[in-house]
Amino acid sequence: MNILFVMYDQLRFDYLSCAGHPHLTTPNFDRVAKQGVRFSQAYVQSPICGPSRMSFYTGRYVSSHGASWNGFPLRVGEHTMGDHLRRAGMDCWLIGKTHMKADAAGMARLGLTADSVIGARQSECGFDTWIRDDGLWGYGPDGYYDENRSPYNAYLQSKGYESENPWADFANAGIDEDGNMASGWMFMNADKPANIDESDSETPWLTRQAMDFIDQTDGPWCAHVSYIKPHWPYIVPAPYHNMFGPEHVPPAARDDVERDDPNPLLAAYMSNKMGEAFQREEVREKVIPAYMGLIKQCDDQLGVLLDHLEETGKLDSTMIVLTSDHGDYLGDHWMGEKEFFHDPAVKIPMIVYDPRAEADGTRGTTCDALVEAIDLVPTFVEAAGGDTDNNILEGRSLLPWLRGEVPEWRDVVVCEYDYSVTPQAARMDLEPDDCRIFMVYDGRYKLIHAEGGIRPILFDLHSDPEEFFDLAKGADHAKELDQMYAHLAKWGRRNGQRITKTNAEIKAMRGKSMRRGILPFLVDGSEVPDALTALYRGPAPKRFAGD
């Protein structure tokens, strides 16, 4: 069996028709959901790209793998999806974005070069690379945001888009009424069509890359097809730019009570430049229709990819996973972007199609179990026939749910965020070690704990599903706070760093040293079987030969 692992960047869990969106129809996402299982309570391990993806790719929590912010390298030696799958006999390929930065210092310390097989894999988050393009090719007075080469820019230049950076000048910019560039970096340009042929825009380009990979490879393979959209810049080519309008923009999920004596950190996020921009209705009425157009284009291209699998006879032998690395506030809770723990930011779509007969009984169903992004690696390893009981993976395989079983499962999901390099940290004058926040959610209560002496936040999603009312402001919910802090403490005591010996290996070691003659703490030897002391009993040897 093959695995097609498709990730969309910044796709909200509720912007799919199978998840109940009132205006946006996504027939191809729905097509996979009808053949598989939609997990309705799936959460990321961090609300921004880099650390979230490193958890997806390692099957480990952020505080275990350590790459806690964008551009923080994933350390050399961290086991990845590719490492686990290759041991199970499955290749693992990247097509698109990872947002991973190589641990150059660690590689140099170990003498690993990027042009060796192992060095290349260490540099690319454990993947073999078909094509990598992280998709944010901004450039300014100090140069490019991403110092790597853009294969997408090279493609556009080969098609005649004459520019040093056609990603910025064509794919993510329109033209205003005076014939000037209308950059997608400016929200008020979001309703303009990008100045590019739709077939040349990022999402169709990456779809063709994925199909080229599928056509030339034999299984078993895992292909991580990782799209940059619907991540900002919020601009999309025709005909998607005007499929939706202000009439399709839902009211923002926000309440004045959220700004009444708010948690200081939450207040900092509500008043940053993203929050202030999305508090303006004219911004939401421009951006959200473009965001929906980007999703509609993603859905259409998913249909192209699914049809290609079907036409090549590989659909019935390919597990398909559709998900996102985080969501997007879009003005909900007075915020933009994603850097906090409300559901619009940390709850994600997750749809899994398993073509095997064992999954027939769950096709078209929804599973409400608490699922984490780290569950995908053990799912893939088990699907490939590998061993998931290795003390490295902190997630749990989803295959029992796909088979209609009810496995012993987790009580909570956990999400972490290190905001130490952000303007919010500077504004609050915090040391980096105090710039850490944690979310624990048990299916009803959501606790948000911040280091640095900042008071916690508590939501009851049964009585307050939109997460408006912070119950930690008062004194009536001490029991619930204690309960959620107990969950956080138990999670914090997990054994996440002993990764070189499995539990099975440890159990097999018990008593072995005694059979190799290590017999400390004996009183007279009668405490152990005679066989263990046989070599230490009997006539004393002579000191010198011939004595």
Side-chain angles (χ1 to χ4, degrees), residues 43-48 51 62-63 68-69 252-279 326-347 412-442 444-489 491-492:
Y43 286 82
V44 290
Q45 270 49 77
S46 189
I48 62 168
V62 175
S63 52
S68 59
W69 211 78
R254 60 195 184 203
D255 193 287
D256 286 336
V257 72
E258 297 179 276
R259 300 199 286 188
D260 178 15
D261 185 27
N263 174 283
L265 183 57
L266 183 55
Y269 274 100
M270 289 192 292
S271 61
N272 67 13
K273 68 177 184 178
M274 292 91 76
E276 289 179 345
F278 275 94
Q279 288 164 24
H326 52 73
D328 193 325
Y329 273 105
L330 297 175
D332 290 350
H333 305 286
W334 309 97
M335 286 194 278
E337 268 285 77
K338 59 262 185 177
E339 298 176 43
F340 215 71
F341 293 139
H342 298 89
D343 275 5
V346 295
K347 188 175 179 179
V412 296
V413 292
V414 177
C415 191
E416 307 169 69
Y417 184 39
D418 175 349
Y419 63 97
S420 56
V421 303
T422 69
Q424 287 68 240
R427 174 177 171 178
M428 299 181 71
D429 194 25
L430 292 172
E431 290 298 313
D433 285 348
D434 287 333
C435 297
R436 294 180 297 141
I437 47 178
F438 302 84
M439 180 203 85
V440 184
Y441 175 55
D442 68 358
R444 176 176 180 177
Y445 292 104
K446 180 184 287 187
L447 169 72
I448 299 170
H449 165 77
E451 290 290 284
I454 302 170
R455 74 178 193 234
I457 296 171
L458 182 70
F459 296 120
D460 180 352
L461 273 74
H462 282 192
S463 62
D464 175 30
E466 292 186 301
E467 304 174 274
F468 292 154
F469 300 95
D470 177 6
L471 303 180
K473 289 181 184 179
D476 296 335
H477 296 278
K479 178 182 177 182
E480 290 81 3
L481 280 167
D482 287 346
Q483 173 185 319
M484 297 308 294
Y485 267 109
H487 284 305
L488 179 60
W491 172 84

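- The heavy-atom pair separating Lys338 from Ala345 by the smallest distance is O-CB, 3.2 Å.
- In this structure, the side chains of Phe278 and Asp332 stay at 4.5 Å or more apart for every pair of heavy atoms.
- Annotation: ring-ring contact (aromatic ring centres under 6.0 Å, His included) contacts of Tyr419 (sequence neighbours excluded): none.
- Counted by atom type alone, Glu339 and Tyr417 present one or more donor-acceptor pairs between their side chains at under 3.5 Å.
- A side-chain donor-acceptor contact under 3.5 Å links Glu416 and Ser63.
- Rounding to the nearest 0.5 Å gives a distance of 5.0 Å between CG of Leu265 and CZ of Phe340.
- Here the side chains of His487 and Trp491 are not in contact, with every heavy-atom distance at 4.5 Å or above.
- Every residue two or more places apart in sequence or in another chain was checked for a ring-ring contact (aromatic ring centres under 6.0 Å, His included) with Phe341, and none qualifies.
- Among residues at least two apart or in separate chains, salt bridge (Lys or Arg N to Asp or Glu O under 4.0 Å) pairs with a member in residues 452-470 are Asp261-Arg455, Arg444-Asp460, Lys446-Glu467.
- Nearest heavy-atom pair, Trp69 versus Asp418, reported as atom, atom and distance to 0.1 Å: CD1-O, 2.7 Å.
- The backbone N or O of Asp260 sits less than 3.5 Å from a side-chain atom of Lys473, completing a donor-acceptor pair.
- Interatomic distance, His333 NE2 to His342 NE2, rounded to the nearest 0.5 Å: 4.5 Å.
- A 4.5 Å side-chain heavy-atom check between Val412 and Tyr441 finds every atom pair outside the cut-off.
- Shown here are the side chain to side chain donor-acceptor pair (under 3.5 Å) partners of Arg427, two or more places apart in sequence or in another chain: Ser271.
- Rounded to the nearest 0.5 Å, atoms CG (Leu447) and CD1 (Ile457) are 9.0 Å apart.
- Gln45 places a side-chain N or O within 3.5 Å of a backbone atom of Val414 that can act as its donor or acceptor partner.
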Quick one: side chains of residues 475-485, donor-acceptor pairs under 3.5 Å with protein atoms, not counting sequence neighbours, listed by atom name and distance.
residue: Gln483; atom: NE2; partner: Asp442; partner atom: OD2; Å: 3.4
residue: Tyr485; atom: OH; partner: His449; partner atom: ND1; Å: 2.8

Identify every side-chain donor-acceptor pair in residues 430-438 under 3.5 Å, counting partners at least two apart or on other chains, and give the distances.
residue: Arg436; atom: NE; partner: Asp433; partner atom: O; Å: 3.3

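- No donor-acceptor pair under 3.5 Å is formed between the side chain of Glu276 and the backbone N or O of Lys273.
- With rounding to the nearest 0.5 Å, the separation of CE in Met335 from CE in Met274 is 10.0 Å.
- The two atoms that bring Pro262 and Ala267 nearest to each other are CG-CB, 3.6 Å, heavy atoms only.
- For the pair Trp334/Tyr269, no side-chain contact is recorded, criterion being any heavy-atom separation below 4.5 Å from C-beta on.
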